[in-house]
Amino acid sequence: MNKLWSEVQNEFAGGRNMAQPNGAGELNAVKLETDLLEQWKQENAFASSVQHRSNGAPFIFLEGPPTANGKPGIHHVVARTYKDLVCRWKTMEGFHVERKGGWDTHGLPVEIEVQKRLDLMSNEAIEQFGMDAFNQACRDSVWTYEAAWREMTERMAYWVDLDEPYVTLDNNYVESCWWALKQMFDKGFLYRGHKVLPYCPQTGTSYSSHEVALGYKEVEEPSVYVKFKLTDEDASILAWTTTPWTLPGNVGLAVGPDITYARCRIKEAAGEGWIGAGGANVGEEVILAKDLMKEVLRHHVDIIEEFPGSHLVGRSYEPLFTDAVPRGDSSTAWTVLAADWVTTTDGTGVVHTAVMYGEDDYNLGMEAGLPAYHTVEMNGQFRAGTHPELDGKYVKDCDASIISLLSAPNGSNGAGPESGLLYREKNYSHDYPHCWRTDHPLLYYAMDSWFVRMTAVKERLLEFNDQVEWAPDWVGEGRFGEWLRNVKDWAISRERYWGTPLPVWRSANGQMKCVGSIAELQAEVAKAVAAGIENPPCPDDVDLHRPIVDGFTLLSDEGEPMHREPFVMDCWFDSGCASFAQWHHPFDGGERFNASSPVDYICEGVDQTRGWFYTLLAVSTTVFDSMAYKRCLSLGLILDAEGKKMSKSRGNIVDPWDHFNREGADATRWYMVTAGAPWNPMKFDANGVRETYAKMFLTMWNVYKFHADYAALDGFDPETTTSDIATRPELDRWILSRLATVAKNYHESFVDWQFHKACRDLEDFIVNDVSNWYVRRSRRRLWDEAESGDKLSCQHTLHEVLMTVCRLVAPVSPFMVDVIHRNLTGRPVHEANWPVGVPGTLEGATADSWDQEAAKATAQLPPQDLALESTMELVRELAEAGRRIRIDAGRRQRLPCAQGWIVAGPDLLPFHDLLAEELNVESILVETDLDRFQRIELSPNFRALAPKARAQVNDVANAIKNTEDPEGMLAQIQAGTAEVLGVLIEESDVEIKRVERSGFAADTVEMEVNENTIQVSLVLDMNDTPALLSKGMARDITRRVQAKRKALDLEIEATIDLEIWLANAPEMMAADEDWVAHETRAAGCVFHPNDATPAGDAESFDVDGTTVSFTVK
RNA sequence: GCGCGGGUGGCUUAGUCGGUUAGAGCACCCGGCUGAUAACCGGGAGGUCGCAGGUUCAAGUCCUGCCUCGCGCACCA
């Protein structure tokens, strides 16, 4: 070697030709990454990479805004990896990919957080504290973890602009939301309604269906069968409910008019098996659906009468709680009503109806003219006057009281039958919606609310959804499509404080005005002031939040004062506006949004299907009548190593820094991408990250180090030297062909969203093909100190392979490959061109300037030679076969064989030297007389045989397989005279396999060549000669001495003095002794003959009965 | 309850049109190789392919039912 190792190390700092690689040091992945981050920061690498493509066609990415009031976890890293990798990939392809960051800052999660901190657990408490101060606290709280998010984002190398992000609380952002709402208002999509909605008394607000979907939990609760006593007859109608708290509100019973009901008389007292409260006396009569008698009744009864439900309609019954609901002017209260939605799947076939606490109940009540009266207050407590034992109590705590009231001897109304009004209680388990923030059960509750008429645009939603490229496709067709087909009007108002205020003002007589901008607000305020209505000032920068906006009183066209509807918006509405509100559209002039709509790519967790994926589409459909995004990657859930969902409450959230600080972000990202398809749930296994680091990144680094160290030693410069690929050795042409094949497949997998497959294959290529074969086989080529064409070939090849690999890896794991790429080429990898693609075929490539850009961005891959690839595969299999043969024969690896025979197969002449070395044989011979080492086996081809042999196929197959004389049978087959069990066997019915004859040290490998399977055998000569024994001994001695050198931590160049004693050894040839000296860099090397006594400090080892002792000095 | 996606050695996973020996990696054991790395190579042990039926000459693969996990929908009295 022409330079000492230490000299190379010292060269790192010195200036030199940009393209001439430096040597590589030991790998410290974490330091490599953090140093590079610093360098990126200084170079402004992200902005530069975007700017670099400013002439390219735009590829529009939209960031789904996270909330920064929670700590980021590993699942956020996953989503950000997939966002980042697509953006980086598209950038390398030549697209101009801007990435604006965003923050979601409004809404319930923020409020709850602040409420907990300030101990303001009710709306009253908040108002007492002051809405102003409360909202300020929210505004501050939003940024609690912003630094943590920023650090995580930077450390994982998610390139997104966090310096000018969109923020949903910004006035500009809110103003755009107002504008959007006004578009809906003007189109008649926005309306005020009174509906039964899932309502949380703790947070004091109702929820939209997508929020409710977040909180279903299975609960077991008491359900009750209640007797409703008819007024004109001594009989009761049985009804069932799972929500006893709604019973005081009962004002009607619904029956199916066509359902058959039965009137039954209790025949005898209930048996011992009766559990729980309630009951009935002998002789008492109850009415219920005939089909449900078995399920419901626990007494023996006589059926007295059967009739359809219509016969019951109009009958009146006694209220359960006499004073709970005032009758008002209702004539239908406490009567039986007909409803076609009543079923007999459970319950009694009679539905207890409490107008205000069920959607069907409410609609029926409105239709039938039942009194619409709340027995429950907004805080979830029974209203005063409901019942002395219930008034002022939280309804969910009253199940037991209500049950005992009903089952009391006189019933809850004090007038019931002796046995009470309760027939039976039964625990019932079902999924029930709970508040996604506080975990309390939601109450279905009739209230005023604002809605977006999504049902009016259902068809458009479905049409737009059809045009979205979903990954995986079944999310779009299935889950999301199903959601859209069942679309409900979007309840967008919240009885809350911290959010985008609903910009609608309303007068006492119901006239309404929707304000769509600050300017409009100012104009309206001015108008009101002019009419004498007092108003606070409304400057250009008026804060578009509560309570400021609540302060404005506007003027209706009729001259009445209008007050703002006291709601804020569902915070999902905010993020649904992101595609335009991020640009302050349309107040910015509209260009930015028009140029970036619809969005090319979004990516979030699958849990956003009902969330962001939906609200984006909902808003763009109602506001623009257009689709929102063209491609949507929906990511699977992240589970912990046990397969449990990661959640704060479970405490099983993985901290990304555990891995950033150990294996680095490269390995973390690569692991996440290779762990499975992006849309499948991922079990995050810390061990897997480590494995990825050890396999993928250490290997890649060592390949690079191998190249860079010698390139630096030799002053290799890829730009000033050339090496025609056509003239390079097979090994080089092989790895380059593999590179081309792998790169093309990689790209195709990317296009198909199969990132996991792409990366698994690439990793396999780097580890197996590049490191374990190409580099291993090339090591000696670079040891050669003299300049040579062969060495140059190898260096160019390594250079090309590494450069392309860097570019392929870069979008997924951007650190190490940037360091490598820079050292190899002087250029950052993130401004390099994607190595795969065809000019002009990239989507968006319409403008001329773009075509040129695309063409430039399309690098050339080396030529593919598939025949060479398959030949090399065979060579590698033969090398492995050789090792197997030796182990079977008990011949140690370092003892050479005189010769090896290759039997059959393609010409491997160019690889004979390589094989001789791998197999440790003196020479490789090609055996053309196949029968010398091989015999034939026949195996049945079921596909061909089955149609002919039918049921006998197994017998025929066995006969073929087990024939005593396969050669003879083959001859018959070929002659057309082979018949087994009456079936004529043709050549296509069998597969002819050649395997090694027994009695040889041999093995046979199989492989596919041009759709045919061929068998190639390898035979090794196991005979020993004195020359072979001597050579083998020299090899073993050398290996031991080298190990000793390594143990002594000697410099590679250092020379040693070597003494060797042999006992019971073969005679050593002088040439072999010289070889030992040369290989071990022994200046002095003494071989003591057999039986000399070794020095006292000599180490010894045994090999095949020989004892070798040696000293290294 | 309905729908979607899973269930393959201890763990992670591949498995094409159904074709007879279910393939890798990690971990484990034995051996080899190495101035090549946490590497590499060979071998071994480890599998009722969730269960039960069915179709078929042949089922991990197709059909039916069930169990189980995850997700979603509907949950309403």
Side-chain angles (χ1 to χ4, degrees), chain A residues 26-27 209 213 216 223 239-243 246 253-254 339 341-343 345-354 357-361 430-433 444 472 474-475 477-480 482-483 485-486 606-607 609-610 636-637 639 641 643-645 674-676 679-681 683 685 687-688 690-691 693-695 698-699 701-703 705-706 756-757 760 764 767-768 771-773 775-776 779 783 879-888 892-894 918 939-947 949-957 961 1039 1041-1043 1045-1046 1050-1052 1079-1081:
Chain A
E26 290 302 316
L27 178 62
S209 45
Y216 275 96
S223 70
W240 178 66
T241 181
T242 56
T243 50
T246 59
L253 293 174
W341 40 260
V342 175
T343 66
T345 48
D346 44 21
T348 63
V350 180
V351 177
H352 137 70
T353 298
Y357 312 110
E359 194 175 339
D360 285 332
D361 306 44
H430 60 152
D431 281 346
Y432 193 82
Y444 285 90
W474 48 261
V475 166
E477 290 158 15
R479 184 168 298 188
F480 196 61
E482 189 188 319
W483 170 260
R485 282 187 289 277
N486 295 322
V606 68
D607 51 323
T609 309
R610 270 33 178 236
L637 236 67
L639 313 171
K644 299 251 161 52
K645 189 173 169 174
T674 49
W679 44 83
N680 282 340
K683 281 191 199 171
D685 181 9
N687 217 23
R690 191 191 150 75
E691 203 177 299
Y693 171 75
K695 253 201 132 95
L698 261 185
T699 304
W701 183 259
N702 282 302
V703 169
K705 182 161 137 61
F706 171 71
H756 60 303
K757 190 179 176 308
R760 284 172 180 175
D764 185 63
V767 172
N768 255 319
S771 177
N772 292 343
W773 192 248
V775 169
R776 188 163 74 81
R779 217 158 262 281
W783 290 354
E880 286 173 19
R883 292 189 205 105
R884 274 197 297 271
I885 295 168
R886 279 178 179 275
I887 285 162
D888 286 349
R892 65 185 212 270
Q893 186 68 31
R894 290 186 207 86
E918 283 289 322
S939 65
N941 175 7
F942 283 88
R943 235 184 264 269
L945 220 42
R950 314 290 292 271
Q952 295 187 82
V953 69
N954 282 324
D955 296 335
V956 175
K961 218 179 335 188
R1039 132 95 175 116
V1041 175
Q1042 300 288 42
R1045 284 183 59 114
K1046 196 175 182 180
L1050 297 178
E1051 294 288 339
I1052 292 175
E1079 284 291 308
T1080 60
R1081 290 190 176 242

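Values reported hereafter were calculated over all heavy atoms of this structure, with side chains retained and with hydrogens, waters and symmetry mates removed. Predicted, not measured: the structure shown is a model, and the values here were computed from it. The sequence lines fix the lettering, A, B, ..., with proteins before strands; numbering per chain opens at 1.
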Can you tell me the distance, in whole Å, between the [atom1] atom of [X] and the [atom2] atom of [N]?
| X | N | atom1 | atom2 | answer |
| --- | --- | --- | --- | --- |
| Trp240(A) | C75(B) | CH2 | P | 14 Å |
| Asn486(A) | C73(B) | CG | P | 10 Å |
| His352(A) | C76(B) | NE2 | P | 12 Å |
| Arg1045(A) | U34(B) | CZ | P | 15 Å |
| Ile885(A) | G43(B) | CD1 | C1' | 14 Å |
| Gln1042(A) | U34(B) | CD | C1' | 10 Å |

Exercise. Any side-chain heavy atom of Lys695(A) within less than 4.5 Å of one from Val767(A)?
Worked result: yes
Exercise. Taking C-beta and beyond as the side chain, do Thr353(A) and Leu253(A) meet within less than 4.5 Å on heavy atoms?
Worked result: no
When you compare [N] with [M], how far apart are their [atom1] atoms, in angstrom units rounded to a whole number?
| N | M | atom1 | result |
| --- | --- | --- | --- |
| C4(B) | A24(B) | P | 34 Å |
| G44(B) | G5(B) | C1' | 36 Å |
| U61(B) | A52(B) | P | 13 Å |
| A77(B) | C67(B) | C1' | 31 Å |
| G7(B) | U48(B) | P | 16 Å |
| C71(B) | G47(B) | P | 31 Å |
| G6(B) | A14(B) | C1' | 15 Å |
| A59(B) | C75(B) | P | 45 Å |

Side chain [X], main chain [Y], donor-acceptor under 3.5 Å:
| X | Y | value |
| --- | --- | --- |
| Thr343(A) | Trp341(A) | no |
| Gln1042(A) | Glu1079(A) | yes |
| Asn680(A) | Gly676(A) | no |

Can a side chain N or O of [X] be found less than 4.0 Å away from OP1 or OP2 on [N]?
| X | N | result |
| --- | --- | --- |
| Arg892(A) | G32(B) | no |
| Lys683(A) | C11(B) | no |
| Thr242(A) | A77(B) | yes |
| Arg1039(A) | C33(B) | no |

Results of side chain to side chain contact (heavy atoms under 4.5 Å, CB included) for [X] - residues two or more places apart only:
| X | result |
| --- | --- |
| Glu918(A) | Trp773(A), Arg776(A), Arg777(A), Ala879(A), Arg883(A), Leu914(A) |
| Ala694(A) | none |
| Ser771(A) | Thr699(A), Val703(A) |
| Glu359(A) | Asn363(A) |

Exercise. For RNA chain B, what string of dots and brackets results from 5' to 3' when Watson-Crick and G-U pairs need both distances under 3.5 Å, crossing pairs get [ ], and pairs with another strand get |?
Worked result: (((((((..((((.....[...)))).(((((.......))))).....(((((..]....))))))))))))....
Problem set entry | Value rounded to 0.5 Å, distance of CD in Glu691(A) from OG1 in Thr674(A) | 9.0 Å
Seminar exercise, completed: Taken in chain and number order and not counting sequence neighbours, the residues that satisfy side chain to side chain donor-acceptor pair (under 3.5 Å) with Asp955(A) are none
Exercise. Listed by chain and number, what are the side chain to side chain donor-acceptor pair (under 3.5 Å) partners of Ser939(A), not counting sequence neighbours?
Worked result: none
For this session: Would you check, one step at a time, whether the test side-chain contact (heavy atoms from CB on, under 4.5 Å) holds for Val606(A) with Arg479(A)?
Result: CA-CA 10 Å; Val606(A) 68; Arg479(A) 184 168 298 188; 3.6 Å; yes
Exercise. Listed by chain and number, what are the salt bridge (Lys or Arg N to Asp or Glu O under 4.0 Å) partners of Arg779(A), not counting sequence neighbours?
Worked result: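 Per chain and number, Arg779(A) pairs via salt bridge (Lys or Arg N to Asp or Glu O under 4.0 Å) with no residue.
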Heavy atoms from C-beta onward define the side chain here; which of [options] lies closest to that of [X]?
| X | options | answer |
| --- | --- | --- |
| Arg943(A) | C17(B), A77(B), G42(B) | C17(B) |
| Arg894(A) | G32(B), C71(B), U34(B) | U34(B) |
| Glu691(A) | A14(B), C26(B), C41(B) | C26(B) |

Problem set entry | Lys961(A) vs Val1041(A), nearer the 5' end of RNA chain B by closest nucleotide | Lys961(A)
What N/O pairs connect the protein and nucleotides 56-58 of chain B at under 3.5 Å? Give each pair on its own line.
from: C57(B); atom 1: O2'; to: Asn954(A); atom 2: ND2; distance (Å): 2.8

Anything under 3.5 Å between a protein N or O and an N or O of nucleotides 37-40 of chain B, put it in a table, one pair a line.
from: U37(B); atom 1: OP2; to: Lys1046(A); atom 2: NZ; distance (Å): 3.2
from: U37(B); atom 1: O4'; to: Asn702(A); atom 2: ND2; distance (Å): 3.4
from: U37(B); atom 1: O2; to: Asn702(A); atom 2: ND2; distance (Å): 3.0
from: U37(B); atom 1: O4; to: Ser771(A); atom 2: OG; distance (Å): 2.7
from: A38(B); atom 1: N3; to: Arg690(A); atom 2: NH2; distance (Å): 3.4

For this session: List in chain and number order the residues that pass ring-ring contact (aromatic ring centres under 6.0 Å, His included) with Tyr357(A), two or more places apart in sequence or in another chain; answer none if no residue qualifies.
Result: Trp245(A), His374(A), Tyr445(A)
For this session: For the pair Gln893(A) and Arg886(A), evaluate side-chain contact (heavy atoms from CB on, under 4.5 Å) and give the outcome as yes or no after the intermediate values.
Result: CA-CA 7 Å; Gln893(A) 186 68 31; Arg886(A) 279 178 179 275; 3.3 Å; yes
For this session: Describe the nucleic acid contact of Arg884(A) in one word from base, sugar-phosphate, nothing, applying a heavy-atom distance below 4.0 Å.
Result: sugar-phosphate
Exercise. Do Thr343(A) and A77(B) share a donor-acceptor pair, side chain to base, under 3.5 Å?
Worked result: yes
Please tabulate, one pair per line, each protein N/O and nucleotide N/O from nucleotides 3-9 of chain B that are separated by under 3.5 Å, including the distance.
none

